[in-house]
There are 4 protein chains.
Amino acid sequence: MVDTVRSTFLNLPEAKQEKILDAALAEFADKSYEQASVNVMVSACGIAKGSLYQYFKDKKGIFLYVFDLAVSRVRRTLVKVKEETAGEEFFTRLEKSLLAGVDFIRRHPRIYNLYLKILFDQRVPERERLLTAVRRFAADYLGSLVRQGVARGEIRADLPEHTVIFLLDALFDRFLQATCVPAFDVTLNLEKADEREIRERIGELVGILRSGLAA
Amino acid sequence: MVDTVRSTFLNLPEAKQEKILDAALAEFADKSYEQASVNVMVSACGIAKGSLYQYFKDKKGIFLYVFDLAVSRVRRTLVKVKEETAGEEFFTRLEKSLLAGVDFIRRHPRIYNLYLKILFDQRVPERERLLTAVRRFAADYLGSLVRQGVARGEIRADLPEHTVIFLLDALFDRFLQATCVPAFDVTLNLEKADEREIRERIGELVGILRSGLAA
Amino acid sequence: MVDTVRSTFLNLPEAKQEKILDAALAEFADKSYEQASVNVMVSACGIAKGSLYQYFKDKKGIFLYVFDLAVSRVRRTLVKVKEETAGEEFFTRLEKSLLAGVDFIRRHPRIYNLYLKILFDQRVPERERLLTAVRRFAADYLGSLVRQGVARGEIRADLPEHTVIFLLDALFDRFLQATCVPAFDVTLNLEKADEREIRERIGELVGILRSGLAA
Amino acid sequence: MVDTVRSTFLNLPEAKQEKILDAALAEFADKSYEQASVNVMVSACGIAKGSLYQYFKDKKGIFLYVFDLAVSRVRRTLVKVKEETAGEEFFTRLEKSLLAGVDFIRRHPRIYNLYLKILFDQRVPERERLLTAVRRFAADYLGSLVRQGVARGEIRADLPEHTVIFLLDALFDRFLQATCVPAFDVTLNLEKADEREIRERIGELVGILRSGLAA
DNA sequence: AATGAATGAGAATTCATTCAT
DNA sequence: GATGAATGAATTCTCATTCAT
């Protein structure tokens, strides 16, 4: 995190910062890391190429900064959901989390694309660190939901916690992918589904989970 | 499929074909499509640059040929599993399919990487066509298992078929990813698991599914 | 002329020879000499690349053979016109020659294109020799017409012969170019003219020449 | 004209601009458009390959810029002749124009070669547009001379204007070609003629024209 | 006589990064 | 602090010619 951004950037008026970050996010979300072009970024946001190199050490620095920013937004969103549903039943919280997830990536598709990049594009700088951090956050999030559910007796206590989390995480992730990766989902057609359909599908899926997991 | 490969290539001795396809697969599995380098391929397999262009129309042609080859191998493997377990119970077949999948990608990690590429790398040539084909195959495979399971009374008949397939597919896919994408799985540590552990985890997951789905 | 074609070629059945020459002429007429592609020729006429190199020493050999063939066709055509109009008046012969020229290049545009190539494309092999030969033929042709015209008292005898030939040649050549080089002629629009219009324009031009040259 | 050159180039010191344009003009005049090599240009003028691509979008851009520059120089030269001879007799102006033309292409042979390129090299970018522009300029130039000559009673009024222009243009063009295209002119040997001889030949030709055209 | 696989130099273009102004 | 010109190695793809079969 150190060395990725320079004070020159942080001293910039916020509007300018935003313009630059927008251009960078757009480019990184659109192409693979190596294919993303600094040239395109600078001409998209109308600054000189040299300037960008005064704000960030190099391309890698730009990427890391943009990525960290994106992650913290995701984090904030999900944590809010967790807090707002603190008292509710486990399966309800699951549904609401899923819905919030879909909502988020529909509003910020480029951030979600960034995440997909590091999932499967080796050669993203510090991929391992970034990926582990994100994955860990997801696991922790679901883990805390599950533990609370078990404590309240809403979930069977005899199941290995890790396996339950794995299953939930798999479903969660895939559901989001299905709603936004083109040509990916050939069974539920989530990509073109409106909110009502999304809710229905979530209901069905959580229904099955309930049969499998509920105490 | 037409126009991707030239007869020049097919007339080559098999050993040479293999050497070339190996180099190409390695490169495409390693980098994003655009980043994959024809230069690297030719020096990896020790042929002249011009020669590769006698075998294939262009980079895209190489990719499509390699990809189609890879898909047909996967297909063959899974179809064999289906046939060999034709008489068995649904959840057993599921376990065996998963196991066969893990086994396949452990023996052919680069093929699996190729699949991951087209999942999330826009800019892969004919991505939509390729992806849809693969996804559809997976859905059909699981679909036929499910329908037979329902017919035999092993699975609840009241669940929407598509949703069940979606769930199984999600789990299937994620399980494979967890076993071979580095730094991806932070809950079950499948990447480093030996076969015994894999079997155990599969057992646990299918156990949960059984509770949710069994009639 | 030696060394351009090999006996292997001349022993070929005529139909095959023709097919090959056709493909070569088409390619050389279409592109600059260096840009013309042996690959394109062989795939256009359906023979192996190696075969072409058994018929001709190299690309240059193909070109020279095709060119010589083309020139002899032109020569034959014009000589026939000269013979058939042997007894007629100078300006009539001029008109008929022009008409025959237009007719020839409309029927054999690729041959005319070949000629244009060597006119202005440096880097055509043996360009100087080929061009001089063609130019000399044209000058001789017009020269013999002029001398006969002078002898018969149809043309002023006080004019320098070379200058007269130069003028006629210029007009002749330009007229042909105007009828077949796209976008070249912006005054008479000869490119799109039908035969009647061509005759009219020829009549007008020769009319002016008559005023300037007639005795 | 737009998009061919970049401000980067125009901001360069004039000497450097000239060096680059010189190298480009030399290359384009020497070879066919497709055969002309950007590599050769950059090593001829001692800049990096990447730099040239900062100055121009692509090879086509370089060509168009060089061509437009060349055309405007020709235009300027001829317009000056027209103005300087405004009051003089038609046939005198014709002679002076021809002389100025010969003088120009002897001082700028590469510019004239560029013109010849687009005349007969299909495959030059925007050939039609460029060629039409040049041809139209020539026709307009001669047309204005002719119309003034007719108005002053120096030229027969009964001749179709277009045909007269066509004839003059043909002669004009061919005369210039004869003086600078190697091996082209086999009758007057203009290529090796000194200025005195050129003047004589021009005199003779215009003499004939006078007989044909003068009122 | 015919084939067609092999070659490697050369083509145009893009790129992240540096540095003098 | 901001600029943008300069770089040269990298990219994909084409080509005429050779030669063993």
Side-chain angles (χ1 to χ4, degrees), chain A residues 6-9 11-12 16 34-43 47-62, chain B residues 6-13 16 31 34-43 46-62, chain C residues 6-9 11-12 16 34-43 47-62, chain D residues 6-13 16 31 34-43 46-62:
Chain A
R6 295 188 168 155
S7 60
T8 39
F9 180 72
N11 291 338
L12 249 37
K16 191 168 185 180
E34 307 225 34
Q35 211 61 29
S37 160
V38 175
N39 279 342
V40 172
M41 293 176 206
V42 295
S43 56
I47 65 170
K49 208 175 337 181
S51 301
L52 195 55
Y53 279 87
Q54 298 214 308
Y55 304 149
F56 301 95
K57 182 182 183 305
D58 51 18
K59 188 180 172 180
K60 176 179 154 187
I62 309 170
Chain B
R6 295 190 167 152
S7 61
T8 321
F9 180 72
L10 302 172
N11 292 339
L12 251 36
K16 191 166 187 181
K31 323 230 183 96
E34 306 223 35
Q35 210 60 29
S37 161
V38 174
N39 280 349
V40 171
M41 292 176 207
V42 295
S43 54
I47 64 172
K49 213 187 311 194
S51 300
L52 194 54
Y53 280 89
Q54 303 254 42
Y55 305 149
F56 301 95
K57 186 185 183 307
D58 51 18
K59 187 180 173 180
K60 176 178 156 186
I62 309 171
Chain C
R6 295 187 169 156
S7 61
T8 40
F9 180 71
N11 292 337
L12 250 35
K16 191 167 184 182
E34 306 226 34
Q35 210 62 28
S37 160
V38 174
N39 280 343
V40 171
M41 292 176 207
V42 295
S43 57
I47 66 170
K49 212 184 321 191
S51 301
L52 195 55
Y53 279 87
Q54 298 213 307
Y55 305 148
F56 301 94
K57 184 182 184 305
D58 51 16
K59 189 180 174 182
K60 175 178 154 188
I62 310 170
Chain D
R6 295 192 167 149
S7 62
T8 322
F9 180 72
L10 302 172
N11 292 339
L12 250 37
K16 191 167 188 181
K31 322 231 182 95
E34 307 223 34
Q35 210 60 28
S37 161
V38 174
N39 280 349
V40 171
M41 292 176 206
V42 294
S43 55
I47 66 171
K49 213 187 313 193
S51 299
L52 194 53
Y53 280 88
Q54 303 254 40
Y55 306 149
F56 300 94
K57 185 184 183 308
D58 50 17
K59 186 179 171 182
K60 176 178 157 186
I62 310 171

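Sequence lines set the chain letters: A, B, ... in the order given, protein chains first and strands last, and positions in each chain run from 1.
Look at CD on Q35(A): it is 10 Å from C1' on dC15(E), rounded to the nearest Å. The nearest whole Å value for the distance from the CZ atom in F56(D) to the P atom in dT14(E) is 15 Å. Atom pair R6(C):CZ and dA1(E):P shows a separation of 11 Å (rounding to whole Å applied). In this structure, K57(B) places its NZ atom 12 Å from C1' of dT12(F), rounding to the nearest Å. Atoms CD (Q54(C)) and P (dA20(F)) sit 13 Å apart, rounded to a whole Å. Note: CG (L52(B)) to C1' (dT11(F)) measures 14 Å, nearest angstrom. Taking atom CE of M41(D) as the reference point, atom C1' of dG10(E) lies 15 Å away to the nearest angstrom. Protein atom CD1 of I62(C) is 14 Å distant from nucleotide atom P of dC15(F), rounded to whole Å.
For dT7(E), one of the phosphate oxygens OP1 or OP2 lies less than 4.0 angstrom from a side-chain nitrogen or oxygen of S51(B). Distances shorter than 4.0 Å separate none of the side-chain N or O atoms of T8(B) from OP1 or OP2 on dG4(E). Note on Y55(C): a side-chain N or O is less than 4.0 Å away from OP1 or OP2 of dA2(E).
Mapping K49(B) and S7(C) onto DNA chain E by nearest heavy atom places S7(C) closer to the 5' end of the strand. Comparing K60(D) and N39(A) by the nucleotide of DNA chain E whose heavy atom lies nearest to each, the residue mapping closer to the 5' end is K60(D). Sequence order on DNA chain F of the closest nucleotides to K59(B) and K16(A) puts K16(A) first from the 5' end. Taking the nucleotide of DNA chain F with the nearest heavy atom to each of A48(A) and G46(D), the more 5' of the two is matched to A48(A).
The side chain of S37(C) approaches dC15(F) more closely than any other nucleotide in the set dA2(E), dC15(F), dA12(E). Listed nucleotides: dT17(F), dA12(E), dT18(E). Nearest to the side chain of Y53(A): dT18(E). Among dA2(E), dA5(F), dA2(F), the nucleotide with an atom closest to any side-chain atom of L12(D) is dA5(F). Listed nucleotides: dA5(F), dA2(E), dA5(E). Nearest to the side chain of N11(D): dA5(F).
Between I47(D) and L52(D), the shortest heavy-atom contact is CD1-N, 4.0 Å. Summarising the geometry of E34(C) relative to K59(C), their closest heavy-atom pair is O-NZ, 3.1 Å, with the distance given to 0.1 Å. The two residues A36(B) and K31(B) come nearest to each other via the heavy atoms N-CB, 3.8 Å. Taking all atoms of both residues into account, the shortest heavy-atom contact from L12(A) to T8(A) is CD1-O, 3.4 Å.
Rounding to the nearest 0.5 angstrom, the gap separating the OH atom in Y53(A) from the CD1 atom in I62(A) is 6.0 Å.
Nucleotide dA20(F) forms a Watson-Crick or G-U wobble pair with dT3(E), both donor-acceptor distances falling under 3.5 Å.
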